[in-house]
Structures are given as structure tokens and as C-alpha cells.
Amino acid sequence: MSITASTGKIVATFHFQSMHGAKAIGAYHLRFSLRYTMPGWPETQFRFSNIQARVTVGGQPNLLGRAFAENAIVLTSRGDHQDGGFLMDLMVSPRQMEEIEKIRCGGDLNFNLDLFGEIYDGYGYSYAGENVDAHVNQKSWIDLLKQLDFSTNVLLEIPHEGAPVEEYPVWKALEEAKKNLYYGNYDQVVASCRKALEGIPHNREEVSRVKNIPVGDRKKMTKRERLVYLLDALEHYTHPAHHLESSEDSESYTRSDAILAFGATISAISTRM
């Protein structure tokens with residue numbers, strides 16, 4: 001990962017160090033920390049400036065956008081060896097973050113920074129570029145997601161301060177669902193949603209009555225009756241993940257399934273609590 005001048009001399013060598021995140025309004029701020037070394041060239045003073053990078057992610061060339069150095073830095077060689085570091089900043093949309101999560105599928109991530117800029121060799125400017133691979137392991141990425149408060153594209157705030165003690169298992173189950181969503185354990189996301197739904201107070205007689213309303217009379221159902229019917233259907237949808245009848249009957253849930261169950265469960269608890 002070295003930037004070389006037209007003479008073939010190495011100007012700077014770059015290495016990926018770590019990745020961080022910061023929250024922004026309507027977007028997510030990804031920060032790539034890079035280290036560089038510059039060999040000493042007593043007879044020539046090289047300058048590398050206007051540093052940018054085209055960032056891709058995953059095995060395929062999935063372009064995310066262009067990253068820029070945090071500050072307008074100019075790397076200048078000296079007669080002796082030097083080391084340093086800087087940040088490359090990239091803004092991504094919520095939709096892009098969701099696509100990154102689909103690519104990651106609960107595991108590690110591989111980014112590539114096609115780094116480029118201008119070199120001045122004492123006579124004139126020339127273009128130079130090099131690829132820098134940035135491997136981000138599962139734990140580091142999940143820590144970054146937590147920094148960003150990222151879970152899904154739809155963010156719902158549910159006030160639960162002062163909730164009765166007997167309702168705490170509901171919130172614990174939701175936290176488990178969110179954690180498993182980070183790790184790509186989609187069956188466990190749905191199973192945790194089922195646990196949370198079981199914590200909502202139910203009137204079994206009301207559920208039974210609504211379920212037995214004849215098909216021809218369902219157009220006359222009240223909003224309350226439709227809500228009861230909907231919540232019962234949601235419990236039915238999440239049932240296999242938490243109560244496997246047999247190994248032969250088990251089905252796996254996808255990320256889309258897990259997000260559907262998680263979002264619907266949060267909404268259901270928001271409605272009933």
C-alpha cells in the first residue's frame with residue numbers, strides 16, 4: 001500500500017488501523033483511521049496532498065462514496081523517517097447502512113479505500129493512488145453500530161420509565177432481539193420478539209371471540225377488534241422461532257423477517273403498554 005513518485009521512489013506507505021463512527025442528522029458518519037510512514041529522502045522533498053478515497057465494501061465492488069481527509073493535510077517528506085496518522089471521513093445514508101448490514105450478514109466486513117492524491121516532487125505535480133484494505137471484525141463493527149444507535153431504518157421511541165416490575169422482562173426481551181439483530185442471529189431475533197409479545201397482558205376470552213368472528217362479519221370489526229386480531233397474528237408469526245414443534249418443522253428467518261418481527265413487536269408493545 002505505497003504511494004510512489006514518477007521516479008519510482010516510495011513517498012508514503014499506508015495501513016488501516018481502526019474504524020469509528022459518529023452520529024449525524026439524517027446520516028451516519030464513518031471514520032477510517034489510517035497510519036502512514038514516510039521514508040527519509042535527504043535530496044528530495046516530496047509532498048502528498050488533496051488526499052481522497054473511493055470507498056467500496058464487500059466482495060463485489062459495492063461503491064459507498066468518496067471519503068475525505070479530516071483536515072486538509074499535506075504529507076511532506078524530510079531527511080529522516082517519520083510516522084503519523086489521520087482520519088478519512090465518509091457520510092452514508094440510513095439506506096446505505098442497511099445495505100452494508102445485508103452484505104455483512106452478521107459477520108465481519110471488508111472495506112477498500114482507493115486512496116489517491118497529488119504528489120509534488122520539486123519539479124511538478126503528478127497523480128498517484130493506491131488501495132488500502134480495511135478489515136473490520138464483527139465485534140468492532142457492532143461496537144460502531146452501538147455508537148451510531150443503529151438498529152433498523154425505522155426508529156421508534158417507546159417511553160418505559162416507571163414501568164411496573166412485572167413488565168421488565170418485555171424490555172429485556174427487546175434488548176436481546178436488538179443484540180441478536182447486530183450479530184445476525186435472525187432466528188433468535190424472532191424468538192426474543194415472541195418472548196416480548198408473551199409479556200403483553202392478554203384477555204384470552206377477547207382474543208377467542210375476535211378470532212371466531214365469521215369472515216362475512218369482519219368488515220364490521222372495530223379498531224380494537226382489529227388490533228387484537230393483528231397482535232394474535234403477530235404471535236402466530238413468531239411462534240416457530242420460540243416453540244419448535246420438531247426439528248423437521250423448523251424454518252429459518254431471514255434478516256427481512258427479523259426486521260419485520262422486531263419493528264412490529266416494538267409497535268405492538270408501544271400500543272399495548
Side-chain angles (χ1 to χ4, degrees), residues 1-4 10-39 47-78 81-117 119 128-153 175 178-185 255:
M1 292 91 172
S2 299
I3 299 290
T4 58
I10 294 177
V11 176
T13 301
F14 297 90
H15 300 280
F16 171 71
Q17 186 172 32
S18 60
M19 190 170 183
H20 312 280
K23 290 180 284 186
I25 296 176
Y28 298 102
H29 187 182
L30 303 183
R31 317 194 77 187
F32 298 87
S33 178
L34 302 183
R35 297 293 300 174
Y36 68 87
T37 59
M38 299 186 74
R47 292 202 303 270
F48 185 53
S49 59
N50 296 325
I51 302 172
Q52 302 177 38
R54 285 178 289 268
V55 182
T56 58
V57 62
Q60 301 297 323
N62 300 297
L63 180 64
L64 282 177
R66 184 169 293 191
F68 298 87
E70 178 188 26
N71 299 308
I73 62 171
V74 177
L75 304 183
T76 305
S77 65
R78 302 192 302 252
H81 175 94
Q82 59 179 308
D83 297 284
F86 61 95
L87 294 171
M88 296 293 292
D89 291 340
L90 174 68
M91 301 294 288
V92 297
S93 68
R95 176 65 180 273
Q96 286 178 299
M97 284 293 291
E98 183 63 28
E99 290 300 317
I100 291 173
E101 279 298 274
K102 289 180 182 178
I103 292 171
R104 186 174 71 89
C105 196
D108 297 350
L109 272 174
N110 289 299
F111 294 91
N112 179 267
L113 280 69
D114 182 14
L115 201 69
F116 62 93
I119 291 179
E130 188 57 72
N131 286 319
V132 177
D133 291 322
H135 178 80
V136 183
N137 64 38
Q138 181 194 62
K139 182 183 183 305
S140 296
W141 181 255
I142 290 173
D143 288 342
L144 183 147
L145 292 179
K146 292 177 180 177
Q147 290 175 19
L148 300 175
D149 288 336
F150 176 83
S151 56
T152 65
N153 283 342
E175 284 299 315
K178 182 168 69 172
K179 183 176 76 172
N180 281 301
L181 187 60
Y182 286 144
Y183 283 95
N185 301 326
R255 177 173 174 78

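Just so we're clear, the structure is a prediction, and the values are computed from it rather than from any experiment.
When the ring pair (Phe, Tyr, Trp, His ring centres under 6.0 Å) test is applied to F32, the partners found at least two apart in sequence or on another chain are F111. Take N137 and apply the side-chain hydrogen bond (donor to acceptor under 3.5 Å, both in side chains) test, not counting sequence neighbours, and it matches S140.
Taking each heavy atom of A67 and M88 in turn, the nearest pair found is O-CE, 3.4 Å. Taking all atoms of both residues into account, the shortest heavy-atom contact from G106 to Q138 is O-NE2, 2.7 Å. Between Q96 and M91, the closest heavy-atom pair is OE1-O, 4.3 Å. Between L145 and E101, the shortest heavy-atom distance links the atoms CD1-OE1, 3.7 Å. Heavy-atom minimum distance, H135 versus F16: O-CE2, 3.5 Å. Nearest heavy atom pair, residue G129 against residue I3, reads C-CD1, 3.7 Å.
Contact annotation: the side chain of L144 never approaches that of I142 to less than 4.5 Å [non-hydrogen atoms, C-beta and beyond]. Side-chain atoms of L34 and V132, non-hydrogen and from C-beta on, do get closer than 4.5 Å to each other. At least one side-chain heavy atom of I100 sits under 4.5 Å from a side-chain heavy atom of W141. When side chains are defined from C-beta on, L75 counts as touching M38, because their heavy atoms get closer than 4.5 Å.
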R95 and E98: CA distance, side-chain angles, deciding distance, salt bridge (Lys or Arg N to Asp or Glu O under 4.0 Å) verdict: CA-CA 5 Å; R95 176 65 180 273; E98 183 63 28; over 6 Å; no
Derivation and outcome, side chain to side chain contact (heavy atoms under 4.5 Å, CB included), residues N112 and V55: CA-CA 6 Å; N112 179 267; V55 182; over 6 Å; no
Derivation of the side chain to side chain contact (heavy atoms under 4.5 Å, CB included) call for V57 and I103: CA-CA 8 Å; V57 62; I103 292 171; 4.0 Å; yes
Stepwise side chain to side chain contact (heavy atoms under 4.5 Å, CB included) test for R31 and E70: CA-CA 9 Å; R31 317 194 77 187; E70 178 188 26; 2.9 Å; yes
Trace of the side chain to side chain contact (heavy atoms under 4.5 Å, CB included) decision for I119 with R47: CA-CA 6 Å; I119 291 179; R47 292 202 303 270; over 6 Å; no
side-chain hydrogen bond (donor to acceptor under 3.5 Å, both in side chains) between H15 and T13, worked out: CA-CA 7 Å; H15 300 280; T13 301; 5.7 Å; no
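Between the NE2 atom in H20 and the CG atom in L148 there is a gap of 12.0 Å [rounded to 0.5 Å]. Put simply, CD on Q147 and NE2 on H29 are 12.0 Å apart, with the number rounded to the nearest 0.5 Å. One finds the CG atom of N131 at 9.0 Å from the CG atom of L113 (value rounded to the nearest 0.5 Å). Atom CG of D133 sits about 7.5 Å away from atom CG of N110, to the nearest 0.5 Å. In this structure, CD1 in I10 is found 4.5 Å from OG in S2, a value given to the nearest 0.5 Å.
Within the 3.5 Å criterion, the main-chain N or O of T37 finds no donor-acceptor partner in the side chain of Q82.
Relative orientation of the F14 and F86 rings is perpendicular, given thresholds of 30° and 60° on the angle between their planes. A perpendicular orientation is assigned to the rings of F150 and Y28, their planes being inclined by more than 60° (bins at 30° and 60°).
Taking the charged nitrogens against the carboxylate oxygens, D108 and R104 have no contact shorter than 4.0 Å, which rules out a salt bridge. A salt bridge does not link D83 with R35: every distance from a Lys NZ or Arg NE/NH1/NH2 to an Asp or Glu carboxylate oxygen is 4.0 Å or more.
Legend: salt bridge (Lys or Arg N to Asp or Glu O under 4.0 Å) pairs involving residues 49-65, not counting sequence neighbours, sorted by first then second residue: R54-D114.
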